[in-house]
Number of protein chains: 2
Amino acid sequence: MEKAIDKFTKYLRENHMRLTKPRRIIVESILEINKHFNAELLYEEIKKRDKSVSLATVYRTMPLLIKAGLSKQSFRCSSKDNYENAYNEEKHLHMICGVCHKIVEVNSEICMIKLQEMAQANDFTLKNINITINGICGDCKRKLKEEDEKI
Amino acid sequence: MEKAIDKFTKYLRENHMRLTKPRRIIVESILEINKHFNAELLYEEIKKRDKSVSLATVYRTMPLLIKAGLSKQSFRCSSKDNYENAYNEEKHLHMICGVCHKIVEVNSEICMIKLQEMAQANDFTLKNINITINGICGDCKRKLKEEDEKI
DNA sequence: ACTGTTTTTGAGAATCATTATCAGAAAAAC
DNA sequence: GTTTTTCTGATAATGATTCTCAAAAACAGT
Ligand SMILES: [Mn+2]
Ligand SMILES: [Mn+2]
Ligand SMILES: [Zn+2]
Ligand SMILES: [Zn+2]
């Protein structure tokens, strides 16, 4: 597999953009994060390496990382956009607990294939599939029940 | 089928809430909208009936309509939350063109069933399933290609 | 290395959908 | 009608994201 930084460099060059120090640091940082992340979390990770990179640059760079195929948009939680690395990631969906915001990842090959077919059938050039199941996890459900019974 | 206003009244009573004039107007208004809507669009529809209802009340009432089962959260487009009526609506998914923001609705019984099973298997109390396919529609694709060729 | 050109950046302001606040109005209870 | 509870409109606040712009960095040619 191609190294992330090479893939990014290639993308940048193809689009007349430059591989700068902040951009390199950002790529190195997303590789350190092996879970979902939002702009703020990534920013914290970046600051471990270099305090001078600005949050604005983080926001500016995310779309580039996505277009370059390094990251992809994931779910949205608590009004924040979340991302995850596209590297070595199988397509999957997210179940989000609306109470504790726990995320559970699940695979569904069948859904993914069906959805890809649907895009094709509708002359849609697929960029991203997002499946989110909102609900309440077992733990929270139980806690809520207990509280109910107290009253 | 139960009338929307009755369903809402019932929900309100069960939760020690009151059926007020603004709330009644809002329910009447969502029934006039037979497509997806965001807070702003609903607010415009409401103003046709009564100019005095405030946007704050629209935002305040949406969660109630959802909990009462009249509306449900749909997709998010251009940084805005979109809703649609739950009445007579089959479960379906949305394909959104990232360029012209056109929405195409498709049904996928198979996906929905699979996802419900998954929620169950993970001890998740399902509140809402959201499937969004992001991409570029055929029309926009063609236009973009033409522009590319001009350069 | 020097110089002009293009792209990028950090800092901070601006945007804008959504929430929170709060004093006055409505609705239910008495 | 009076009291109690819940709602509401107006408006301020919030907060994630985007925009602006002058200064800095990267590049290309010499
Ligand atoms: Mn994931
Ligand atoms: Mn729909
Ligand atoms: Zn939970
Ligand atoms: Zn389009």
Side-chain angles (χ1 to χ4, degrees), chain A residues 5 8-29 36-44 46-47 49-68 71 73-83 98 101 134, chain B residues 5 8-29 36-47 49-68 71 73-83 96 98 101 134:
Chain A
I5 192 70
F8 194 44
T9 306
K10 195 174 163 193
Y11 167 80
L12 290 172
R13 248 205 298 269
E14 281 170 356
N15 292 279
H16 322 289
M17 289 172 177
R18 296 164 182 182
L19 179 62
T20 61
K21 193 177 168 198
R23 281 174 182 165
R24 192 168 20 233
I25 289 167
I26 291 173
V27 170
E28 285 164 13
S29 300
H36 308 109
F37 60 91
N38 56 37
E40 197 63 32
L41 183 83
L42 173 53
Y43 184 48
E44 293 309 315
I46 289 165
K47 277 197 283 193
R49 301 179 168 248
D50 190 324
K51 306 248 187 247
S52 71
V53 179
S54 76
L55 183 57
T57 299
V58 175
Y59 274 108
R60 270 192 289 248
T61 308
M62 278 317 302
L64 305 182
L65 294 173
I66 291 170
K67 281 185 224 140
S71 297
Q73 194 116 27
S74 191
F75 54 87
R76 161 166 263 263
C77 185
S78 306
S79 306
K80 290 190 261 283
D81 283 333
N82 280 70
Y83 309 90
H101 300 145
N134 294 101
Chain B
I5 192 70
F8 193 45
T9 306
K10 194 173 161 193
Y11 167 81
L12 290 173
R13 249 205 297 266
E14 281 170 356
N15 293 278
H16 322 289
M17 291 173 175
R18 296 163 181 181
L19 178 61
T20 61
K21 194 177 169 195
R23 282 175 180 165
R24 192 169 19 234
I25 289 168
I26 291 173
V27 170
E28 285 165 13
S29 300
H36 308 109
F37 61 92
N38 56 36
E40 197 62 34
L41 182 82
L42 173 53
Y43 185 48
E44 292 309 314
E45 184 64 36
I46 289 165
K47 277 197 284 192
R49 300 179 169 248
D50 190 324
K51 307 250 187 245
S52 71
V53 178
S54 77
L55 183 56
T57 298
V58 175
Y59 275 107
R60 270 193 288 250
T61 307
M62 278 317 302
L64 306 182
L65 294 173
I66 291 170
K67 282 185 225 141
S71 296
Q73 194 118 26
S74 190
F75 54 88
R76 163 166 262 263
C77 185
S78 307
S79 307
K80 289 189 262 283
D81 283 332
N82 279 71
Y83 309 90
I96 307 181
H101 300 146
N134 293 101

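The chains referred to below are lettered A, B, ... by the order of the sequence lines, with proteins before strands, and numbering in each begins at 1. Note that the structure is a prediction, hence the values are computed from the model and not measured.
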Under-4.0 Å salt bridge between A:E28 and A:R49: yes
Residue whose nearest DNA chain C nucleotide is more 5′ - A:H16 or A:S79: A:H16
Residue met sooner reading DNA chain C from 5', once B:K21 and B:A39 are mapped to nucleotides: B:A39
Rounded to the nearest 0.5 Å, how far apart are [atom1] of [X] and [atom2] of [Y]?
X	Y	atom1	atom2	result
A:L12	A:R18	CG	CZ	11.5 Å
B:L42	B:L65	CG	CG	8.0 Å
B:E44	B:L41	CD	CG	7.5 Å

Rounded to the nearest Å, what distance is computed from the [atom1] atom of residue [X] to the [atom2] atom of nucleotide [N]?
X	N	atom1	atom2	result
B:R18	D:dT4	CZ	P	13 Å
A:I26	C:dG10	CD1	C1'	12 Å
B:M17	D:dT8	CE	C1'	14 Å
A:R24	C:dT8	CZ	C1'	14 Å
B:D50	C:dA25	CG	C1'	14 Å
A:I25	D:dA25	CD1	C1'	13 Å
A:L12	D:dC27	CG	P	10 Å
B:L55	C:dC16	CG	C1'	12 Å

Among [options], which nucleotide has an atom closest to any side-chain atom of [X]?
X	options	result
A:A56	C:dT8, D:dA10, C:dG12	C:dG12
A:D81	D:dT17, D:dC19, C:dA20	D:dT17
B:P22	C:dG10, D:dC7, D:dT8	D:dT8

Nearest atoms (heavy-atom pairs only) where B:Y43 meets B:S54: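 Closest approach of B:Y43 to B:S54, heavy atoms only: CE1-C, 3.8 Å.
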Nearest heavy-atom neighbours spanning A:N38 and A:D81: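 So the minimum-distance heavy-atom pair works out to CB-O, 3.3 Å.
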Option among B:R23, B:R24, B:M17 that satisfies the side chain to side chain contact (heavy atoms under 4.5 Å, CB included) test with B:T20: B:R23
Less than 4.0 angstrom between a side-chain N/O of [X] and OP1 or OP2 of [N], yes or no?
X	N	answer
A:Y59	D:dT18	no
B:S54	D:dT8	no
A:R23	C:dT7	no
B:T20	C:dA27	no

Inter-end axis angle, the helix from C:dA1-D:dT30 to C:dC30-D:dG1, with every axis fitted to five base pairs (rounded, 10 degrees): 30°
Polar side-chain contact B:R60-C:dT19 base: donor and acceptor under 3.5 Å: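 When only heavy-atom distances are counted, B:R60 does not reach the base of C:dT19 through any donor-acceptor pair under 3.5 Å.
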Parallel, tilted or perpendicular: rings of A:Y83 and A:F37 (30°, 60°):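 A:F37 and A:Y83: tilted rings.
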